[in-house]
Amino acid sequence: MKSKLDVKPDYVAGHSLGEYGAMYSAGVLSFENTLKLIQKRADAMSNVQGGSMAAVLNLDEETIKSVLNSVKGYVAIANYNSLSQIVITGDDEPVKEACDKLLEAGARRVVPLAVSGAFHSSKMRAAADEFMKFEETVEINNAKIPVVTNVDADFTVDSADFKFKMPLQIYSAVKWTQSVQNMIDAGVDTFVEIGNGTVLSGLIRKIDKSVKTYNVYDKNSLEEFVEIYSKELENNVR
């Protein structure tokens, strides 16, 4: 896309693992170091056994938190994906109990996820500690473009902040809804999703229907976006 268009985003963001693509595109990490950190993150997380996750549809955040607080055992929010989709995470039995109670509380659906562990939960603290030690061996730069980070939905530029937040992200909730809302509040009206599929664009439209979303995930979608964006540039010049 860069080779075909003179386009520079005002901000970049990625969901969970996608945050590493965002950091690479912002110059925080070299391509080689991005891959090294992704590999280490995956290895460390795969060493943590057990746990479940489930997506809760059409139930407000406060009700979800209230239900989770009533469950015996560890269960927490993993992802704030959109205003109508929140993912929970934790130990197997507490997650199962929470799923039943959330349906009783009015959730339209509760969908168990096919995952190998309780990602973005405190069960991943050991993985974060292992990752943090490896992180010391990798060069981390200041961002050339602000990265809206998962752990706090904040606009992040300083290398020290990335160094602190990367391990934290492994066991913290992904604040995707808040990240998108903060970008919109900052004046963003167009989002381009780069990667396999259109999931994030769908979530963004659920957060705010007024923004434009585009997808670039293969040759055809790239050519389509280049054509659309080039026409918009011409119109703006006129």
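Excluded from the calculations below are hydrogen atoms, water molecules and symmetry mates; all remaining heavy atoms, backbone and side chain alike, are included.
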| task | Could you give me the CA-CA distance, side-chain angles and deciding distance for Glu232 and Lys212, then say whether salt bridge (Lys or Arg N to Asp or Glu O under 4.0 Å) is met? | result | CA-CA 12 Å; Glu232 287 190 357; Lys212 296 179 182 178; 3.5 Å; yes

| message | Please tell me whether Ser221 and Asp218 have a donor and an acceptor in their side chains that are separated by less than 3.5 angstrom. | response | yes

| field | Any residue meeting side chain to side chain contact (heavy atoms under 4.5 Å, CB included) with Ala126, in chain and number order, not counting sequence neighbours | value | none

| query | Who else is in the cluster with Leu35 when I, L, V, M, F, W and Y are joined by side-chain contacts under 4.5 Å? | reply | Tyr24, Phe31

| query | Would you say the side-chain atoms of Asn150 pair up with the backbone N or O of Ser16, donor to acceptor, closer than 3.5 Å? | reply | yes

Side chains of residues 45-53: which donor-acceptor partners sit under 3.5 Å, not counting sequence neighbours?
from: Ser46; atom 1: OG; to: Ala42; atom 2: O; distance (Å): 3.3
from: Ser46; atom 1: OG; to: Asp43; atom 2: O; distance (Å): 2.8
from: Asn47; atom 1: ND2; to: Asp43; atom 2: O; distance (Å): 3.3
from: Gln49; atom 1: NE2; to: Ser46; atom 2: O; distance (Å): 3.1
from: Ser52; atom 1: OG; to: Asp92; atom 2: OD1; distance (Å): 2.5

| message | Would the distance check show the side chain of Asn33 and the main-chain N or O of Leu29 forming a donor-acceptor pair, the cut-off being under 3.5 Å? | response | no

| Residue pair Ser70 / Lys101: nearest heavy atoms and the distance that separates them | O-NZ, 3.3 Å

| query | When rounded to the nearest 0.5 angstrom, what is the spacing between CZ in Phe225 and NZ in Lys4? | reply | 13.0 Å

| Hey, quick one: are Met132 and Met166 part of the same hydrophobic cluster, counting side-chain heavy atoms closer than 4.5 Å, chains of contacts allowed? | no

| query | With sequence neighbours excluded, what pairs up with Asp10 under the side chain to side chain contact (heavy atoms under 4.5 Å, CB included) test? | reply | none

| request: Mind running side chain to side chain contact (heavy atoms under 4.5 Å, CB included) on Ser84 and Leu57 for me, showing each step along the way? | output: CA-CA 6 Å; Ser84 59; Leu57 306 182; over 6 Å; no

| said: Please list all pairs meeting ring pair (Phe, Tyr, Trp, His ring centres under 6.0 Å) that have one or both residues in residues 156-211, counting only residues at least two apart or in different chains. | reply: His15-Trp176

| query | Taking the side chain as C-beta and beyond, is there a heavy-atom pair between Leu5 and Ser230 under 4.5 Å? | reply | yes

| query | Val180 versus Lys175: any side-chain heavy-atom pair under 4.5 Å? | reply | no

| Considering only heavy atoms from C-beta outward, does the side chain of Pro146 approach that of Val157 to under 4.5 Å? | yes

| Is there a path of hydrophobic side-chain contacts, each under 4.5 Å between heavy atoms of I, L, V, M, F, W or Y residues, that connects Tyr20 with Leu168? | yes

| request: For Lys163 and Glu136, work out which heavy atoms get closest and say how close. | output: NZ-OE1, 3.2 Å

| Going through the distances and angles, do Asn79 and Gln85 end up as a side chain to side chain contact (heavy atoms under 4.5 Å, CB included)? | CA-CA 8 Å; Asn79 302 341; Gln85 184 188 125; over 6 Å; no

| Under 6.0 Å from the NZ atom of Lys96, do we count more than 12 heavy atoms belonging to anything else shown? | no

| query | Using 4.0 Å as the upper bound for N to carboxylate O, is an ion pair formed by Arg41 and Glu19? | reply | no

| request: Only pairs at least two apart or in different chains count here, so list each salt bridge (Lys or Arg N to Asp or Glu O under 4.0 Å) that has a residue in residues 75-88. | output: none

| said: Please determine whether side chain to side chain contact (heavy atoms under 4.5 Å, CB included) holds for the pair Ser30 and Glu139, giving the CA-CA distance in whole Å, both sets of side-chain angles, and the decisive distance to 0.1 Å. | reply: CA-CA 8 Å; Ser30 69; Glu139 182 180 3; over 6 Å; no

| query | For residues 141-155, which residue pairs qualify under salt bridge (Lys or Arg N to Asp or Glu O under 4.0 Å), counting only residues two or more places apart or in two chains? | reply | Asp152-Lys165

| Would you say Phe155 and Ile140 are hydrophobically clustered, going by side-chain heavy atoms of ILVMFWY under 4.5 Å? | no

| request: Establish whether Met1 and Met23 are linked, either directly or via other cluster members, by ILVMFWY side-chain heavy-atom contacts under 4.5 Å. | output: no

| message | Could you walk me through whether Lys72 and Glu93 satisfy the salt bridge (Lys or Arg N to Asp or Glu O under 4.0 Å) test, starting with their C-alpha distance in whole Å, then the side-chain angles of each, then the deciding distance to 0.1 Å, before giving a yes or no? | response | CA-CA 9 Å; Lys72 185 178 180 180; Glu93 285 306 313; over 6 Å; no

| said: Apply the hydrophobic cluster definition, ILVMFWY joined by side-chain contacts under 4.5 Å directly or through others, and give me every member besides Val95. | reply: Val56, Leu59, Ile64, Val67, Leu68, Val71, Val75, Ile77, Tyr80, Ile86, Ile88, Leu102, Leu103, Val110

| query | Do Glu224 and Tyr214 have side-chain heavy atoms sitting under 4.5 Å apart? | reply | no

| message | So which atom in Gly14 and which in Ala22 form the shortest heavy-atom distance, rounded to 0.1 Å? | response | N-CB, 3.8 Å

| remark: Here the gap from Met124 atom CE to Asp129 atom CG, rounded to the nearest 0.5 Å, amounts to 13.0 Å

| note | In terms of heavy-atom contacts, Val12 and Ala26 come closest through CG2-CB, 4.0 Å

Validation: residues 194-205 side-chain donor-acceptor distances under 3.5 Å, sequence neighbours left out:
from: Ser201; atom 1: OG; to: Glu193; atom 2: OE1; distance (Å): 2.8
from: Ser201; atom 1: OG; to: Asn215; atom 2: ND2; distance (Å): 2.8
from: Arg205; atom 1: NH1; to: Thr213; atom 2: OG1; distance (Å): 2.7

| task | Report the C-alpha distance between Ile38 and Thr34 in whole Å, list the side-chain angles of each, state the deciding distance to 0.1 Å, and finish with yes or no for side chain to side chain contact (heavy atoms under 4.5 Å, CB included). | result | CA-CA 6 Å; Ile38 287 173; Thr34 300; 3.9 Å; yes

| request: Would you please name every residue forming a side chain to side chain contact (heavy atoms under 4.5 Å, CB included) with Asp208, sequence neighbours left out? | output: Ile184, Ser210, Val211

| query | Do Val7 and Val188 share a hydrophobic cluster, counting only Ile, Leu, Val, Met, Phe, Trp and Tyr and linking them when any side-chain heavy atoms are less than 4.5 Å apart? | reply | no

| query | How about Lys123: does its NZ atom have over 12 heavy atoms from other parts shown lying under 6.0 Å from it? | reply | yes

| query | For Lys40, does the NZ atom sit with more than 12 other heavy atoms under 6.0 Å from it, leaving out its own atoms? | reply | yes

| task | Indicate yes or no: at least one non-hydrogen side-chain atom of Gln169 is less than 4.5 angstrom from one of Thr149. | result | no

| task | Please name the pair of heavy atoms, one in Val28 and one in Ala143, separated by the smallest distance, quoted to 0.1 Å. | result | CG2-CB, 3.6 Å

| Any chance the side chains of Thr177 and Ser82 put a donor and an acceptor closer than 3.5 Å? | no

| request: With sequence neighbours excluded, tell me which residues meet ring-ring contact (aromatic ring centres under 6.0 Å, His included) with Tyr74. | output: none

| query | Does the side chain of Thr63 pick up a donor-acceptor pair with the side chain of Asp60 at under 3.5 Å? | reply | yes

| query | For residues 107-148, which residue pairs qualify under ring pair (Phe, Tyr, Trp, His ring centres under 6.0 Å), counting only residues two or more places apart or in two chains? | reply | none

| remark: Heavy atoms of Pro167 and Ala128 approach each other most closely as O-CB, 3.3 Å

| query | Which distance, rounded to the nearest 0.5 Å, do you find between the OG of Ser179 and the OH of Tyr11? | reply | 13.0 Å

| Are any side-chain N or O atoms of Asn142 and backbone N or O atoms of Asp158, one a donor and one an acceptor, separated by less than 3.5 Å? | no

